[in-house]
Number of protein chains: 2
Amino acid sequence: MAKVSKKKLIIEHSGKSFSELGYELTSLESVAKKCGITKSAIYYHFKDKAALYKAVVCPEFTALAQKIEEYTQTGNAVQRLNAYIHTFGEFLISNPDFSAIFAREIANGSKTIPDECIEQLSRTIKQLAKILHAGISERVFEEESPFLIQMMIVTPLISCHTTKSLRERVANFTQSETLPLEPEFENIIELLSKKIIKGLQC
Amino acid sequence: MAKVSKKKLIIEHSGKSFSELGYELTSLESVAKKCGITKSAIYYHFKDKAALYKAVVCPEFTALAQKIEEYTQTGNAVQRLNAYIHTFGEFLISNPDFSAIFAREIANGSKTIPDECIEQLSRTIKQLAKILHAGISERVFEEESPFLIQMMIVTPLISCHTTKSLRERVANFTQSETLPLEPEFENIIELLSKKIIKGLQC
DNA sequence: ATAATTTTACCTACCGTTCAGTAAGGAGAA
DNA sequence: TTCTCCTTACTGAACGGTAGGTAAAATTAT
């Protein structure tokens with residue numbers, strides 16, 4: 001065997017399924033089928049469904065936190081906040097699977113996110129808090145809760161993919177009206193970043 | 001029967017369950033139990049599970065669209081946008097069940113939202129588009145996609161309840177740090193409204 | 001041979017759905 | 001009044017299907 005470990009295969013395919021169907025509707029049998037193995041083989045590698053989910057989700061949160069810390073160290077507060085939004089945004093936009101899983105978790109009360117992931121998430125918000133604090137020192141930002149700013153950044157970006165078909169359906173009802181309402185935004189990250197930074201400035 | 005109709009009871013209890021557990025995890029048997037009837041009684045009143053879900057969700061969307069149109073007719077563009085955000089926000093904040101269902105739908109690709117609801121949703125965004133257009137005429141707003149603004153308004157508000165426990169867990173990792181990060185925002189609607197309007201102004 | 005991996009066969013539990021049946025009550029005719 | 005007929009509102013049992021999970025045998029790799 002050209003050692004493509006089955007474990008990785010399982011993580012890949014189940015990740016896709018978790019993102020497309022959600023945790024509950026993802027059946028291990030269908031995942032096994034896609035991997036070309038049986039359901040029991042999954043149970044050899046993972047204790048249970050929840051453990052598999054963890055194995056899918058944790059590395060993603062870690063990679064995100066890593067990137068955030070890497071790219072938001074230099075420059076003034078405005079530049080750093082811009083970098084924060086862009087780094088977060090590009091990670092979400094270019095990882096639609098992770099985005100979808102994150103969206104479901106948020107809608108779900110985040111009950112199934114393990115503490116390990118929460119810790120990674122807290123790394124990013126700590127970084128955001130630092131940037132906002134720097135902005136206050138530089139007298140360019142008004143004081144505001146980092147959680148609120150985080151939500152203003154993350155939730156629209158996360159929903160960007162998941163609301164696509166919703167926007168299209170809504171557009172079907174509005175397209176005959178006066179205003180042309182395009183349901184797609186090419187450069188949502190830049191648009192959002194500009195608006196949030198402007199909204200935050202003194 | 002002089003008593004409260006069972007049909008309403010079913011809608012109430014299932015609505016709570018749909019919002020707490022989601023569509024899939026809501027079992028009709030548990031709903032029936034809470035209503036003090038049998039599962040079959042639900043099938044007497046509703047064709048199937050999907051029809052019950054519709055009966056729960058449609059009136060809410062209609063009520064929302066109604067209120068939006070009612071409260072955003074008068075004033076200048078800034079006042080009307082402020083009214084739009086407040087009306088939408090207060091509806092969501094004071095209807096956490098609807099909020100949770102909406103959040104799940106967004107995370108889920110909105111596959112289970114009936115067209116009837118989409119139409120109601122399009123009413124609200126048409127109204128938003130009008131307001132933004134008025135703002136451009138008044139030379140106070142920059143041109144921007146109504147869909148983007150809608151997302152900036154709706155997704156943070158919707159996630160406000162559902163992220164509560166997430167924020168608390170994240171705060172547990174950050175509270176010992178330099179910045180005190182409060183996971184609660186009392187007046188999120190007003191905060192959000194101010195920032196979005198500022199971000200949109202010329 | 002031994003350890004790692006995977007399959008076969010199976011269990012239990014639950015879910016949405018259907019369906020036959022029934023108690024209660026009103027409408028209309030006798 | 002009383003008998004018949006029909007409707008409303010519901011029950012209980014069962015069905016087909018699928019899900020997560022497990023024990024043990026079989027296969028493969030070292």
Side-chain angles (χ1 to χ4, degrees), chain A residues 1-58 100-101 104-105 107-114, chain B residues 1-58 100-101 104-105 107-114:
Chain A
M1 274 241 156
K3 289 292 169 186
V4 178
S5 104
K6 302 270 175 167
K7 197 167 176 179
K8 260 192 184 158
L9 243 194
I10 295 168
I11 288 177
E12 271 169 35
H13 280 111
S14 68
K16 199 138 243 160
S17 184
F18 284 140
S19 88
E20 281 168 10
L21 306 173
Y23 182 83
E24 318 294 344
L25 255 56
T26 289
S27 90
L28 297 184
E29 211 159 302
S30 74
V31 170
K33 211 174 195 178
K34 277 181 199 155
C35 297
I37 56 175
T38 50
K39 191 173 54 165
S40 298
I42 296 178
Y43 278 89
Y44 173 74
H45 291 285
F46 302 95
K47 184 179 149 284
D48 54 20
K49 195 182 182 182
L52 171 58
Y53 184 72
K54 261 196 197 181
V56 166
V57 109
C58 282
I101 290 175
R104 273 178 227 278
E105 282 294 352
N108 230 350
S110 318
K111 288 167 201 158
T112 50
I113 298 188
Chain B
M1 267 188 197
K3 291 269 177 180
V4 182
S5 101
K6 302 270 175 171
K7 196 167 176 180
K8 260 192 186 157
L9 242 194
I10 295 168
I11 288 177
E12 270 168 37
H13 280 112
S14 67
K16 200 139 239 157
S17 184
F18 285 139
S19 89
E20 281 167 10
L21 305 173
Y23 182 82
E24 318 295 343
L25 254 56
T26 291
S27 91
L28 297 184
E29 210 161 304
S30 74
V31 171
K33 209 175 196 175
K34 276 181 199 155
C35 297
I37 56 177
T38 50
K39 198 169 43 163
S40 309
I42 297 178
Y43 278 89
Y44 173 76
H45 290 285
F46 303 95
K47 184 182 150 282
D48 53 19
K49 195 183 184 182
L52 171 56
Y53 184 73
K54 260 197 198 183
V56 167
V57 110
C58 281
I101 289 175
R104 273 180 227 275
E105 282 294 351
N108 231 350
S110 317
K111 288 167 200 157
T112 50
I113 299 188

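Values reported hereafter were calculated over all heavy atoms of this structure, with side chains retained and with hydrogens, waters and symmetry mates removed. Remember, it's a predicted structure, so these values are computed and weren't measured experimentally. In the text below, chain A, chain B and the rest are named by the order of the sequence lines, each starting its count at 1.
- A donor-acceptor contact shorter than 3.5 Å is absent between the side chain of Ser19(A) and the backbone of Ala100(A).
- Taking every side-chain heavy atom of Thr38(B) into account, dG12(D) is the closest of dT6(C), dG12(D), dT17(C).
- Minimum atom distance to the side chain of Ile37(B) is reached by dT11(D), of the listed dT7(C), dG16(C), dT11(D).
- Within 6.0 Å of NZ in Lys34(B) there are more than 12 heavy atoms belonging to other residues, nucleotides or ligands.
- The backbone N or O of Ser17(B) sits less than 3.5 Å from a side-chain atom of Thr26(B), completing a donor-acceptor pair.
- Among the protein residues, Ser30(A) comes within range of no part of the nucleic acid, since none of its heavy atoms lies under 4.0 Å from any strand.
- Put simply, His45(A) has no side-chain N or O that comes within less than 4.0 Å of OP1 or OP2 on dA4(C).
- Without hydrogens or angle criteria, Tyr23(B) side chain to Ala50(B) main chain gives a donor-acceptor distance under 3.5 Å.
- Checking dA4(C), dG21(D), dT8(D) against the side-chain heavy atoms of Tyr44(B) singles out dT8(D) as nearest.
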N/O-N/O pairs, protein side and nucleotides 22-24 of chain D side, under 3.5 Å:
{"residue": "dT22(D)", "atom": "O4", "partner": "Ser40(A)", "partner atom": "OG", "Å": "2.8"}

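- Here Lys7(B) contributes atom NZ and Ile42(B) contributes atom CD1; the two are 13.0 Å apart, rounded to the nearest 0.5 Å.
- Residue contacts shown for Ser27(B) are limited to sugar-phosphate atoms, with no base heavy atom under 4.0 Å away.
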